[in-house]
Number of protein chains: 2
Amino acid sequence: MNRLKIIGMGEVLPENKIKFGEATRYRITDEKSHLLMAEGAIINALKDAKLKIEDIDCIISTSSVSSQPLPNMSSLIHERVALGKTIPCIDINTTCTSFITALDMVSYMIEANRYNKVLIVSSEVPSLALNKDDPKTYELFSDAATAFIVEKDNRGESGVITALQKTYSEGAHYTEIPGGGTSFLPTKYNENNKNMYKFQMQTLKSVRFSIKILSSFIKEVISSTKEKVDFIIPHQASQGLEMVLKKVNIKGDSYLNIVNDYGNMVSASIPFALKYAIDNNKIKKGDNVMLIGSAAGIHLNAIIIKY
Amino acid sequence: MNRLKIIGMGEVLPENKIKFGEATRYRITDEKSHLLMAEGAIINALKDAKLKIEDIDCIISTSSVSSQPLPNMSSLIHERVALGKTIPCIDINTTCTSFITALDMVSYMIEANRYNKVLIVSSEVPSLALNKDDPKTYELFSDAATAFIVEKDNRGESGVITALQKTYSEGAHYTEIPGGGTSFLPTKYNENNKNMYKFQMQTLKSVRFSIKILSSFIKEVISSTKEKVDFIIPHQASQGLEMVLKKVNIKGDSYLNIVNDYGNMVSASIPFALKYAIDNNKIKKGDNVMLIGSAAGIHLNAIIIKY
């Protein structure tokens with residue numbers, strides 16, 4: 001086990017709340033909010049941890065989409081929260097499951113004393129890329145930011161028990177924004193091709209494929225440790241995941257489902273749900289908690305932590 | 001020391017070679033080349049290591065700019081080289097110094113047996129974002145891709161001795177592409193604001209700032225280990241770096257300068273120069289080699305490896 005404990009958590013939800021039937025979604029009203037939400041979540045996490053930014057040894061940004069093509073997102077977040085400090089900052093991206101990947105990777109660095117206190121921030125504004133003509137995706141997403149501060153647990157009570165990631169690029173184009181990078185440059189944008197720059201999801205194909213691959217993936221994660229899983233935090237939009245989990249005998253009350261109230265927040269979804277579960281006493285000290293999700297890529301990603 | 005050895009190296013340079021005075025630069029001629037070059041570099045590295053893609057445990061993409069906003073770059077590379085395999089893939093980004101950050105991070109995972117063989121691929125096409133009206137930057141960059149395969153050195157002869165990163169966001173906007181992310185969306189592109197979507201560098205400010213911060217940074221890296229540095233591979237465009245290195249008593253012949261022949265290849269620069277030094281016998285087995293660079297962010301990044 002890589003010893004590690006959560007010592008601070010913060011989040012920001014946009015004030016603008018909208019309803020689609022029973023579902024509640026949060027949406028920003030201007031583009032500045034991407035970095036502003038990251039800043040707010042970090043301030044809240046530092047307050048929660050009773051720390052100052054200079055106590056942090058490394059800042060990891062796990063946003064799936066950046067504020068600018070260059071420099072990297074974490075530098076622009078650094079500019080808002082750590083100007084004048086020399087805290088190293090790094091972007092880690094596995095789209096919706098970036099938080100799991102970051103936690104996995106930094107747990108090794110923390111265990112080996114390369115860094116002690118690490119801040120992981122996810123800020124996402126999917127609403128800026130949604131296509132109004134596609135209600136399935138348009139009504140699914142929320143904008144949000146989260147920040148977690150972790151450090152070495154010298155008492156060895158908490159930590160990362162196991163982690164597993166697999167990438168299935170057969171589904172690389174099931175969920176994508178085709179235009180805006182180098183393969184279809186921003187400078188090619190015009191009225192006729194504007195949908196190329198919007199979020200596109202082949203929902204049915206994606207769900208079918210996920211169901212096909214999730215079952216053996218979950219069995220492999222669970223069987224990689226002798227510890228039993230007490231509670232599951234799924235990515236709130238990994239459709240098919242709940243169905244598959246039922247098949248592998250996970251009880252309904254040990255599985256967090258808040259997608260109706262909060263939507264899919266991309267990389268902020270998993271840490272947001274983890275914070276929600278902790279704040280609402282769904283998880284108690286010593287519980288083994290599995291964070292799990294499928295992500296554009298397609299990545300399947302899971303980590304089991306002892307809380 | 002995190003035990004790790006290089007077991008395969010590959011590169012791709014575009015066929016299109018252009019001259020600016022004495023300087024040689026390589027430039028792609030179509031946008032497909034971003035992923036194609038990544039693919040080519042990986043094929044070459046696998047051949048060099050006498051491995052197949054299924055022997056790789058993790059693929060890390062270290063490109064500073066992606067082929068699409070979503071999914072992440074490594075998924076799109078995976079689609080070309082590992083379709084049907086489930087090798088996990090991750091993007092790590094600290095702009096020009098991403099290779100150093102990736103090597104630093106994965107060295108901990110390799111040391112702890114989380115992954116054994118890791119492939120780190122950098123593919124960059126800066127020419128697509130250059131502004132012809134700014135000869136200082138227009139004439140500096142080359143397009144290129146590199147791939148390195150590393151694995152645990154069970155004999156303990158090679159590895160990562162020390163690494164250091166610091167981020168100075170005072171300079172976050174000295175080198176940037178302002179438009180194309182969420183803060184200035186691709187969908188806002190028009191003829192009047194097209195320069196917002198181009199690479200911009202305040203060269204003088206950037207060089208001055210780098211010189212100011214590099215000296216103490218280098219001293220800190222060097223003094224973090226008792227091992228002496230035998231050879232230095234700088235990022236080929238970290239202006240001011242050579243000057244500062246001379247001040248801290250590095251001999252000219254232990255410092256690789258190939259910027260005239262190859263230009264700045266963004267994140268591919270450092271691994272390209274490392275491969276060049278190995279291929280040209282500038283480095284011998286057992287040498288302590290420092291990779292060092294400054295990058296848009298501004299990040300200073302250094303790693304000392306025993307080759």
Side-chain angles (χ1 to χ4, degrees), chain A residues 31-32 34-35 64-72 74-76 78-79 82-84 86-95 101 105 108-109 111-112 114 125 128-129 165-170 172 175-187 189 194 197 199 295-299, chain B residues 31-32 34-35 64-72 74-76 78-79 82-84 86-95 101 105 108-109 111-112 114 125 128-129 165-170 172 175-187 189 194 197 199 295-299:
Chain A
E31 289 116 46
K32 285 203 179 62
H34 197 183
L35 289 169
S64 65
V65 171
S66 275
S67 176
Q68 295 187 191
L70 193 81
N72 57 346
S74 55
S75 302
L76 298 167
H78 189 290
E79 188 186 13
L83 191 69
T86 60
I87 305 161
C89 62
I90 299 166
D91 288 15
I92 293 180
N93 187 353
T94 58
T95 68
T101 303
M105 295 194 86
Y108 289 93
M109 301 184 93
E111 178 63 34
R114 170 76 171 89
V125 286
L128 294 178
Q165 187 191 330
K166 287 177 189 269
T167 300
Y168 305 78
S169 58
E170 300 94 315
T175 304
E176 66 177 337
I177 302 173
T182 62
S183 78
F184 210 87
L185 291 166
T187 50
Y189 176 80
K194 62 183 177 186
Y197 297 82
F199 179 83
I298 291 174
H299 310 288
Chain B
E31 289 115 48
K32 286 206 178 60
H34 197 182
L35 290 169
S64 64
V65 172
S66 275
S67 175
Q68 294 185 193
L70 194 79
N72 56 346
S74 54
S75 304
L76 299 168
H78 189 289
E79 189 187 10
L83 192 69
T86 60
I87 306 161
C89 62
I90 299 165
D91 289 14
I92 294 180
N93 188 352
T94 57
T95 69
T101 304
M105 296 194 86
Y108 289 92
M109 302 184 94
E111 178 63 35
R114 172 75 170 90
V125 287
L128 295 178
Q165 185 190 334
K166 286 175 191 268
T167 300
Y168 304 77
S169 58
E170 301 94 314
T175 304
E176 66 177 336
I177 303 173
T182 62
S183 77
F184 209 87
L185 290 166
T187 50
Y189 176 78
K194 61 183 178 186
Y197 297 83
F199 179 83
I298 291 175
H299 310 289

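Per chain, numbering begins at 1; letters A, B, ... match sequence-line order.
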In terms of heavy-atom pairs under 4.5 Å, which option from [options] contacts chain B the most?
options: K166(A), E111(A), Q165(A); result: Q165(A)
options: S67(A), S66(A), G297(A), P186(A); result: S67(A)
options: T182(A), T175(A), L128(A); result: T182(A)
options: A112(A), C89(A), A296(A); result: C89(A)

Write down the atom of [X], the atom of [Y], and the distance for their closest heavy-atom approach.
X: G181(B); Y: P69(A); value: N-CD, 3.7 Å
X: P71(A); Y: E176(B); value: CD-CB, 3.9 Å
X: Y189(B); Y: T187(A); value: CE2-O, 3.2 Å
X: P178(A); Y: Q68(B); value: O-CG, 3.5 Å
X: S75(A); Y: S169(B); value: O-CB, 3.7 Å

Considering only heavy atoms and a distance below 4.5 Å, find which of L35(B), L185(B), V125(B), V65(B) pairs most often with chain A.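 Greatest number of close heavy-atom pairs with chain A: L185(B).
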Heavy atoms only, distances under 4.5 angstrom: which of K194(B), E170(B), H78(B), M105(B) has the most pairs with chain A? Name it, please.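 Top option by heavy-atom pairs under 4.5 Å: H78(B).
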Polar contact flag, side-chain donor to acceptor under 3.5 angstrom, S183(A)-H34(B):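 No pair is found: no donor N or O on one side chain lies under 3.5 Å from an acceptor on the other.
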I92(B) versus chain A, the contacting section by heavy-atom distance below 4.5 Å: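 Both backbone and side chain of I92(B) come within 4.5 Å of chain A.
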Gap separating the CG atom of N72(B) from the OG1 atom of T101(A), nearest 0.5 angstrom: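 Here the interatomic distance stands at 8.5 Å.
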Where on L76(A) is there a heavy atom nearer than 4.5 Å to chain B: the side chain, the backbone, both, or neither?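 Answer is side chain: those atoms of L76(A) sit under 4.5 Å from chain B.
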Could you tell me whether the side chain of I90(A) reaches within less than 4.5 Å of the side chain of N93(B), counting heavy atoms only?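 Result no, sub-4.5 Å side-chain heavy-atom pair not found.
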State, yes or no, whether a side-chain contact exists between S64(B) and L70(A) at a heavy-atom distance under 4.5 Å.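 Yes, side chains in contact.
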